[in-house]
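Numbered from 1 within each chain, the chains take letters A, B, ... in sequence-line order.
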There are 2 protein chains.
Amino acid sequence: MTSFTVTVDLVMLTIRQGALHVLLIRRAIPPYQGASALPGGFVLPEEDLGAAAARELAEEAGIAAPGHLEQLASYGAPGRDPRGRVVTVAYLALLPDAPAPTAGSDAAGAEWVPVAALPALAFDHAGILADGVERARAKLEYTPLGAAFCPPEFTIAELRQVYEAVWDTTLDPRNFHRKATSTEGFVEPTGRSTAGERGRPAALYTRGSATVLSPPLLRSR
Amino acid sequence: MTSFTVTVDLVMLTIRQGALHVLLIRRAIPPYQGASALPGGFVLPEEDLGAAAARELAEEAGIAAPGHLEQLASYGAPGRDPRGRVVTVAYLALLPDAPAPTAGSDAAGAEWVPVAALPALAFDHAGILADGVERARAKLEYTPLGAAFCPPEFTIAELRQVYEAVWDTTLDPRNFHRKATSTEGFVEPTGRSTAGERGRPAALYTRGSATVLSPPLLRSR
DNA sequence: GCAAAAGTGTTCCCCCTACACCCATGA
DNA sequence: TCATGGGTGTAGGGGGAACACTTTTGC
């Protein structure tokens with residue numbers, strides 16, 4: 001009945017400049033001092049795992065209402081932390097763009113980094129991050145979670161650009177439009193539309209109430 | 001930096017008499033003495049989480065080579081175990097039928113119970129089991145893991161009966177046969193076939209090498 | 001032969017793809 | 001009126017659902 005330390009680590013993803021980014025912090029203290037790492041911290045004595053993840057999310061990025069937060073997986077290999085036996089429960093967060101890169105962070109320098117250009121990471125965080133990105137990619141296929149990367153009201157084109165960034169591909173705008181608007185519960189029209197930009201104004205939508213997409217929106221092939 | 005106890009719990013599923021069953025133990029000691037629960041135990045000082053799950057699998061059911069073993073999720077609500085702060089990492093195991101119901105078990109009375117007729121469970125195990133069953137149902141859609149419930153060599157009809165038991169539905173035998181045999185990497189023919197049963201002998205297959213089914217095999221609708 | 005189970009062929013339809021085309025705005 | 005991006009129509013094809021039909025065994 002060994003004694004363990006339990007932490008939560010966050011894979012926070014967002015879309016910036018059309019590319020998928022992850023929030024990384026620079027570690028201010030050993031071990032791995034100066035290295036990049038996923039944000040995270042200890043679970044408090046009377047705190048549930050999900051609550052700890054939500055608290056870290058607020059502390060690291062000043063986020064009160066993430067687009068989506070879900071448990072990813074747990075990692076507890078004996079040698080993964082030189083300080084001792086530490087099990088970390090990783091969470092995946094999907095966020096709308098640009099919630100102040102470092103707002104309220106208690107870690108030295110938090111910043112958004114493109115997942116296509118990652119530095120070396122502390123601990124086993126590279127593997128955790130890879131698992132998180134793959135989870136996000138898969139979830140876009142059969143859930144309406146792409147909208148979790150968007151602001152409260154968004155256009156179909158914005159939603160499509162989320163898919164293109166996460167999957168690193170291009171999609172046909174016309175077919176994507178039809179698919180998104182005709183799939184029950186994916187998006188709901190607000191009646192409002194954009195203005196003041198080039199081209200025809202785009203209708204604005206909010207997230208629909210569905211939890212799964214039926215039929216799914218499959219990648220490539 | 002609270003101190004935690006870490007356990008692994010197993011959702012072990014198999015098919016018996018055409019129905020999905022789970023292995024439950026009867027707790028011999030408090031808390032929840034006498035109640036049904038998922039098999040599980042403490043993670044040892046120098047043991048990885050997955051290794052602990054594999055060890056418990058062997059101890060509880062005498063299984064050396066499960067059809068499949070994967071991490072499910074972690075549960076750590078503050079009051080989930082009256083003994084203190086216990087985080088459990090749940091694993092999902094899919095097994096071929098009938099590996100001696102209680103062989104080698106160190107818990108009082110382990111037995112296979114139909115998931116359609118569950119008793120009340122100790123701790124938060126009812127929720128963990130529900131998550132495991134849902135994971136299994138979803139995984140059959142887009143991976144070849146149905147074969148993990150089958151013996152090393154199996155017929156297409158046996159594989160179909162796995163899907164029917166897990167999804168609690170019926171499938172068209174002819175369409176399922178075509179789908180299973182024509183999907184790349186799902187099953188591999190052995191050249192052998194059954195004999196001594198009613199009707200035309202069935203060809204025997206082994207698990208294919210694919211990790212995902214493309215296109216997937218979707219439920220109902 | 002008959003029953004039973006395995007396996008094949010065929011038809012219909014839905015949905016995905018590709019792409020031609022129209023719509024509404026800013027400059 | 002042109003450029004730009006939003007949105008609709010339509011034809012072709014792949015795959016699933018339904019089911020008629022053939023094959024191969026035990027009795």
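- The distance between atom CD of A:Glu158 and atom C1' of D:dG6, rounded to the nearest whole Å, is 13 Å.
- Distance CD (B:Glu197) to C1' (D:dT25): 11 Å, rounded to an integer number of Å.
- If you measure from atom CZ of B:Phe186 to atom P of D:dG15, you get 16 Å, rounded to the nearest angstrom.
- The nucleotide whose nearest atom lies closest to any side-chain atom of B:Arg174 is, among D:dA20, C:dC16, C:dA18, D:dA20.
- Per the geometry, CG belonging to B:Asn175 stands 16 Å off P belonging to C:dC13, to the nearest Å.
- One atom, CG of B:Asp172, and another, C1' of D:dA17, lie 8 Å apart when rounded to the nearest Å.
- Interface remark: the B:Arg178 side chain does form a donor-acceptor pair with the C:dG9 base, using a distance-only criterion of under 3.5 Å.
- Scanning atom types as modelled, one donor and one acceptor separated by under 3.5 angstrom connect the side chain of B:Arg200 and the base of C:dA6.
- Listed by first and then second residue, the salt bridge (charged side-chain N to carboxylate O under 4.0 Å, His left out) pairs involving residues 174-195 of chain A are A:Glu153-A:Arg192, A:Asp172-A:Arg174 (not counting sequence neighbours).
- Remark: B:Lys179 is not in phosphate contact with D:dG15, judged by side-chain N or O atoms under 4.0 Å from OP1 or OP2.
- No hydrogens or angles considered: nothing links the side chains of B:Asp9 and B:Tyr75 as a donor-acceptor pair under 3.5 Å.
- In the model, A:Thr7 has a side-chain atom that pairs as donor or acceptor with a side-chain atom of A:Thr88 under 3.5 Å.
- Rounded to an integer number of Å, the gap from CZ of B:Phe176 to P of D:dG16 is 12 Å.
- Atom-to-atom, CZ of B:Arg198 to C1' of D:dT23 comes out at 18 Å; the value is rounded to the nearest Å.
- Contacts of A:Ala195 with the nucleic acid, taken as non-hydrogen atoms under 4.0 Å apart, are absent.
- Two residues, B:Gly199 and A:His177, neighbour DNA chain D, and the one matched to the more 5' nucleotide by heavy-atom proximity is A:His177.
- B:Arg137 contributes a side-chain N or O that, together with a main-chain N or O of B:Val166, makes up a donor-acceptor pair within less than 3.5 Å.
- Across the protein-nucleic acid pair, A:Arg192 atom CZ and C:dT25 atom C1' stand 20 Å apart, rounded to whole Å.
- The aromatic rings of B:Phe123 and B:His125 sit tilted, their planes meeting at an angle between 30° and 60°.
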